[in-house]
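Here the structure is a predicted model, which means the values were calculated and not measured.
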Amino acid sequence: MLDTPRPRTRSGGRNARRAARSAPVFDMLPGLERNLPVCEIMTGSQVERIHDASMDILENVGVQFRDPIALADWKRAGAKVDGELVYLDRGLVMDLISTIPSDFTYTARNPKKNLRLGGRHSIFVPMTGAPFLRDLDDVRRNPTLDDLAMFHKLAHMSPALHSSAHHIVEPYDHPISQRHLRITYSSMKYSDKTFMGMTTSPKNAEDVMDMCAILFGADFMETHPVTTGNCNGNSPLVWDETMLGAMRAFCYHNQPVLCSPFVLGGANTPASVAASVAQLNAEALSALAYTQVIRRGAPAIYGHYLSTVSMKSGAPMAGTPEISLMNFMIGQMARHYDVPWRTSNTLGGAKTFDAQAGYESATTLSAVMHAGANYIWHSAGWNEAGMHCSVAKFVVDAEQCAMAHRMAQGPNWDDFDTAVDAVSDIGPGGHYLGHPHTQDNFQTAFFMPDLFDNNSIEQWVAEGEVEITERALKHARKLLNDYEEPKLDIAKDEELRDYIARREREIPASDELNQSF
């Protein structure tokens, strides 16, 4: 007897694709490869004018290096040193920065999350350093280690964030002198993305290098960037012992550092966009050059923190036209020197997650994307001039970065012919909602935000008139509920915990940075 024929079933097909699209996806987006043209607002002669002004500052005004080791290093390199002032010949500077790699690849704990940086390759990194948070109940308070872990989990679950950063918030329930150990462990434990390393003191930076060596291997670090340090300058024209010592710890191990002058336009730079960029450029170049004095060929990133100062109150401002202009100009200067560059992203001075926060952040995000930045820091959570990290803003900012990621890739031409064929199928007066091409592509053709409400006002009212902050906090709770820890290798985890325990015994628990132990 013949078997009765069974209906054919499809293992895939449109229904399967539709189900897959409706399932939550937390996979990290690949590092951004920008296909938008950069916005270059300076002519070639204006770039040279900034360059010449910066070189004149380095040669004739000098930069103060408040660090005896750095001063000795500069003397050996052939610079003129007078007390703590270092005068840098332009030929020396250009020779040194020519050895900085124009791009490199970060190795993450999960190799699928390795990231190329430089040229057209960019990454989004959350904010760091907030002394307060607005929590899951939107209450402003002091953070704890558990709060830091929460943000590292949210960073891990946010597809457009490429890093867990480091101290997104300051964990006040742990001594300052030992805090860097727990921060670094949290960055490593709760996410398998790349992360940042603490540079709060040279000793702390050395501890971070030790912990990275446990996780990745010391020999591996010699040829593979695995973390990022940030070294802030004291504008105008000062680099201090703490930052320079931390810089040496990272460069010795061939790990990239952000060389970041801290600009408060009109306060520690001239009240002029172009002149501020000339000073900032001199400061950044002096630090970039020093990384190559420490170790030629070490990866380094042209950094900065940009803010303008309100002449009414003296408070720092974000989202202003001048910050956007400076980002455009700094991008041109970094490309002129062929080095990767860092900027700050969704900054704002708003005290809550309100319209001001949205406008400030969106203005800066747009400028950053069109400026062609590579290391896009402070991309999620920043509010109140960095005084607090908002959980609600963190998840919305992360989605905004996903939108920017999509935009900066440029239009997709892969299905152009089949999409145009649909025009013939539909003809005048029809609609495309039921067409097979639309059914197969509607969720990927156009970005559909999860956290913005685009329904009718009647539906919005019927669903409780929920505004963005409440929706974002509900989304954050869901992310945390769905979180699955990317487990560390058991032996490495034990070694990291043993290292932390030993260092906490060695470093006195105190309310000051570890400078000696």
**Item:** CA sep, side-chain torsions, deciding dist, call: Ser379, Thr346, side chain to side chain donor-acceptor pair (under 3.5 Å)
**Value:** CA-CA 5 Å; Ser379 285; Thr346 54; 5.8 Å; no
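- In this structure, Asp498 does not pair ionically with Arg502, as no charged nitrogen and carboxylate oxygen lie closer than 4.0 Å.
- From Thr184, atom OG1 reaches atom CZ of Phe195 across 7.5 Å, with rounding to the nearest 0.5 Å.
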Side-chain donor-acceptor distances from residues 362-373 under 3.5 Å, at least two apart:
residue: Thr363; atom: OG1; partner: Tyr359; partner atom: O; Å: 2.9
residue: Thr364; atom: OG1; partner: Glu360; partner atom: O; Å: 3.0

Side chains of residues 253-260: which donor-acceptor partners sit under 3.5 Å, not counting sequence neighbours?
residue: Asn254; atom: ND2; partner: Glu222; partner atom: O; Å: 2.9
residue: Gln255; atom: OE1; partner: Val226; partner atom: N; Å: 2.7
residue: Gln255; atom: OE1; partner: Thr227; partner atom: N; Å: 3.4
residue: Gln255; atom: NE2; partner: Met221; partner atom: O; Å: 3.0
residue: Gln255; atom: NE2; partner: His224; partner atom: O; Å: 3.2
residue: Gln255; atom: NE2; partner: His253; partner atom: O; Å: 3.2
residue: Ser260; atom: OG; partner: Asn230; partner atom: OD1; Å: 2.8
residue: Ser260; atom: OG; partner: Arg342; partner atom: NH1; Å: 3.0

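- Side chain to side chain, Tyr106 and Asn114 fail the donor-acceptor criterion of an N or O pair below 3.5 Å.
- Taking the charged nitrogens against the carboxylate oxygens, Arg120 and Glu33 do have a contact shorter than 4.0 Å, which makes a salt bridge.
- Between His405 and His162, the two ring planes are tilted [angle within 30° to 60°].
- Here Arg179 does not pair with Asp511 in a salt bridge; the nearest charged N to carboxylate O distance is not below 4.0 Å.
- Using a 4.0 Å cut-off between charged side-chain N and carboxylate O, Arg49 and Asp52 make no salt bridge.
- Taking 4.0 Å as the cut-off between side-chain N and carboxylate O, Asp146 and Lys153 do not count as a salt-bridged pair.
- A salt bridge links Arg503 and Glu506; the closest N-O separation between the charged side-chain nitrogens and carboxylate oxygens is under 4.0 Å.
- Taking the six-membered ring where tryptophan is involved, the planes of Phe220 and Phe216 are essentially parallel, since the angle between them stays under 30° and well short of 60°.
- Ring geometry for His156 against Tyr483 counts as perpendicular: the plane angle is over 60°, on a 0 to 90° scale with 30° as the lower cut.
- No more than 12 heavy atoms of other residues, nucleotides or ligands shown are found within 6.0 angstrom of CG on Asp219.
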**Request:** Go through the steps for Thr128 and His167 under the test side chain to side chain donor-acceptor pair (under 3.5 Å), then give the verdict.
**Result:** CA-CA 5 Å; Thr128 64; His167 66 316; 4.6 Å; no
